[in-house]
Protein chains: 2
Amino acid sequence: MGASKSAAFTEEQNEISILFKALGHPARIAIIQYILSSKSCICGDLVDILPLSQATVSQHLKELKSANIIQGSIEGNSICYCLNPTTLEKFKAIIGDFIELNNFGKNACC
Amino acid sequence: MGASKSAAFTEEQNEISILFKALGHPARIAIIQYILSSKSCICGDLVDILPLSQATVSQHLKELKSANIIQGSIEGNSICYCLNPTTLEKFKAIIGDFIELNNFGKNACC
DNA sequence: TTTGAATATTGCAATATTACGATTTATAAA
DNA sequence: TTTATAAATCGTAATATTGCAATATTCAAA
């Protein structure tokens with residue numbers, strides 16, 4: 001008891017929630033915002049920017065990577081991170097299903 | 001140690017992550033999907049549909065409510081839930097900032 | 001090869017989440 | 001008022017997350 005009963009939900013429900021969960025921390029939002037604002041890969045200036053230790057930043061990057069939201073490649077002495085376009089397309093499609101297609105607002109009745 | 005350092009991040013970063021975090025569980029995705037599919041309010045058939053106990057479902061509803069993603073009103077003997085259009089507009093705007101405006105894909109360089 | 005810089009991993013403590021049975025609260029109907 | 005039904009809350013146990021110091025790894029350059 002205590003563990004999430006993921007086996008009891010659909011594959012889609014699990015996939016979606018994994019994406020959202022990975023974005024469910026302010027540090028990880030800050031990382032994504034920084035990647036977006038830099039318009040290119042970032043090479044670990046993150047530790048200087050975030051109010052967290054190097055170990056903790058690395059852990060957050062790992063979580064974003066394991067959700068396939070970012071990807072990294074070795075760039076000389078450091079590592080270059082950027083967004084994973086495939087995952088972002090999927091994310092966009094999910095949001096579409098959630099919000100656009102289901103004309104929300106008509107659901108608001110209470 | 002262990003607590004999320006939310007005070008160290010911007011208001012926006014915290015707000016966004018709270019929304020994502022609330023959606024970061026398959027049961028809560030299932031709830032949102034069900035509300036969307038019913039095209040109207042739902043009156044707690046959720047316990048029959050989800051593979052979780054009544055207490056657990058109620059807890060997930062509470063989390064969605066405290067993130068202002070859903071709202072509930074008393075409807076006779078039961079409670080009627082629907083999406084909160086204000087929060088969904090905000091969510092849509094966030095996604096816009098994240099994905100549309102920042103023409104992702106051009107960021108993919110590694 | 002050794003040294004230095006950048007990241008990752010390990011180990012641990014604090015806190016948060018998940019789940020459920022039992023109980024409580026609130027309303028509808030008898 | 002009593003009874004039944006729906007939903008929330010409480011208490012508790014299991015598990016997951018967060019954060020960091022210390023250590024390990026990895027690669028470039030000396």
Side-chain angles (χ1 to χ4, degrees), chain A residues 1-9 13-14 17-31 34-35 41-67 69-82 110, chain B residues 1-9 13-14 17-31 34-35 41-67 69-82 110:
Chain A
M1 307 111 188
S4 187
K5 296 176 73 170
S6 54
F9 296 96
Q13 285 158 353
N14 281 300
S17 66
I18 284 168
L19 279 183
F20 284 136
K21 188 176 187 180
L23 296 171
H25 190 287
R28 297 196 286 269
I29 294 297
I31 290 171
Y34 187 64
I35 294 180
C41 292
I42 52 159
C43 298
D45 339 280
L46 284 170
V47 177
D48 302 322
I49 285 153
L50 296 176
L52 298 169
S53 74
Q54 183 268 324
T56 304
V57 171
S58 181
Q59 198 174 274
H60 283 302
L61 287 169
K62 189 181 177 186
E63 278 181 66
L64 287 170
K65 260 186 289 184
S66 74
I69 292 172
I70 64 173
Q71 55 196 206
S73 60
I74 298 170
E75 191 80 25
N77 204 10
S78 54
I79 292 184
C80 164
Y81 291 105
C82 60
C110 41
Chain B
M1 312 93 193
S4 187
K5 296 177 73 172
S6 53
F9 296 96
Q13 285 159 353
N14 282 300
S17 66
I18 284 168
L19 278 183
F20 283 135
K21 188 176 188 181
L23 295 171
H25 190 287
R28 297 195 287 268
I29 294 296
I31 290 171
Y34 186 64
I35 294 180
C41 291
I42 52 159
C43 297
D45 338 281
L46 286 169
V47 176
D48 303 324
I49 285 152
L50 297 177
L52 298 170
S53 74
Q54 183 268 324
T56 304
V57 171
S58 181
Q59 200 173 271
H60 282 302
L61 288 169
K62 189 181 177 185
E63 278 181 66
L64 288 171
K65 261 185 287 182
S66 74
I69 292 172
I70 64 173
Q71 54 197 205
S73 60
I74 298 169
E75 191 80 25
N77 204 11
S78 54
I79 291 184
C80 164
Y81 291 105
C82 60
C110 42

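Throughout, protein chains are lettered first and strands after them, A, B, ... in sequence-line order, and every chain is numbered starting at 1. Atom set for the values below is all heavy atoms of this structure, side chains included, hydrogens, waters and symmetry mates excluded.
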**Message:** Using the side chain to side chain donor-acceptor pair (under 3.5 Å) criterion, which residues pair with B:Gln59? Sequence neighbours excluded.
**Reply:** none
**Fill in**
With sequence neighbours left out, the residues meeting side-chain contact (heavy atoms from CB on, under 4.5 Å) with B:Ser53 are B:Ala55, B:Thr56
**Qualifying residues under side-chain contact (heavy atoms from CB on, under 4.5 Å), relative to A:Ala27, sequence neighbours excluded** = A:His25, A:Leu52, A:His60, B:Phe9
**Message:** Give me the atom names and distance for the closest heavy-atom approach of B:Gln13 to A:Ala30.
**Reply:** NE2-CB, 3.5 Å
**Prompt:** Which whole-number value in Å describes the distance from B:Asp48 CG to D:dA7 C1'?
**Reply:** 13 Å
**Request:** May I ask you to evaluate whether A:Tyr81 reaches the phosphate of C:dA8, defined as a side-chain N or O under 4.0 Å from OP1 or OP2?
**Result:** yes
**Request:** Go through the structure and list residues passing side-chain contact (heavy atoms from CB on, under 4.5 Å) with B:Lys62, not counting sequence neighbours.
**Result:** none
**Request:** Under the side-chain contact (heavy atoms from CB on, under 4.5 Å) rule, collect the residues that match up with B:Ile49, sequence neighbours excluded.
**Result:** B:Tyr34, B:Asp45
**Asked** Tell me: CD1 of B:Ile70 to P of D:dA7, nearest whole Å?
**Response** 12 Å
**Complete:** B:Ile79 has its side chain closest, among C:dT17, D:dA7, C:dA19, to D:dA7
**Request:** Return the value, rounded to whole Å, for the distance between atom CG of A:Leu23 and atom C1' of D:dT17.
**Result:** 16 Å
**Prompt:** So which one's nearest nucleotide on DNA chain C is more toward 5', B:Lys21 or A:Asp45?
**Reply:** A:Asp45
**Request:** Nearest whole angstrom, please: distance from the P of D:dG19 to the CD1 of A:Ile31.
**Result:** 11 Å
**Item:** Contact list for DNA chain D against residues 52-61 of chain A - heavy-atom distance below 4.0 Å
**Value:** A:Leu52, A:Ser53, A:Ala55, A:Thr56, A:Gln59, A:His60
**Spacing of B:Glu63 atom CD relative to D:dA16 atom P, expressed in whole Å** = 16 Å
**Request:** Take atom CG of B:Leu50 and atom P of C:dC20, then tell me their distance rounded to the nearest Å.
**Result:** 11 Å
**Asked** When the distance from NE2 of A:His25 to P of C:dT17 is rounded to whole Å, what number comes out?
**Response** 11 Å
**A:Ser17 OG to B:Lys21 NZ distance, which is reported to the nearest 0.5 Å** = 14.5 Å
Extract from the structure each pairing of a protein N or O with an N or O of nucleotides 26-30 of chain C at less than 3.5 Å, listing the distance.
unit_1: C:dT27; atom_1: O3'; unit_2: B:Gly76; atom_2: O; d: 3.3
unit_1: C:dT27; atom_1: O2; unit_2: B:Asn77; atom_2: OD1; d: 3.0

**Prompt:** What is the distance, rounded to the nearest whole Å, between atom NZ of B:Lys65 and atom P of D:dT9?
**Reply:** 7 Å
**Item:** Point-to-point distance, once rounded to the nearest 0.5 Å, from CG of B:Asn14 to OG of B:Ser4
**Value:** 7.5 Å
**Request:** To the nearest 0.5 angstrom, please state how far the CD1 atom of B:Ile31 sits from the CG atom of B:Leu61.
**Result:** 4.5 Å
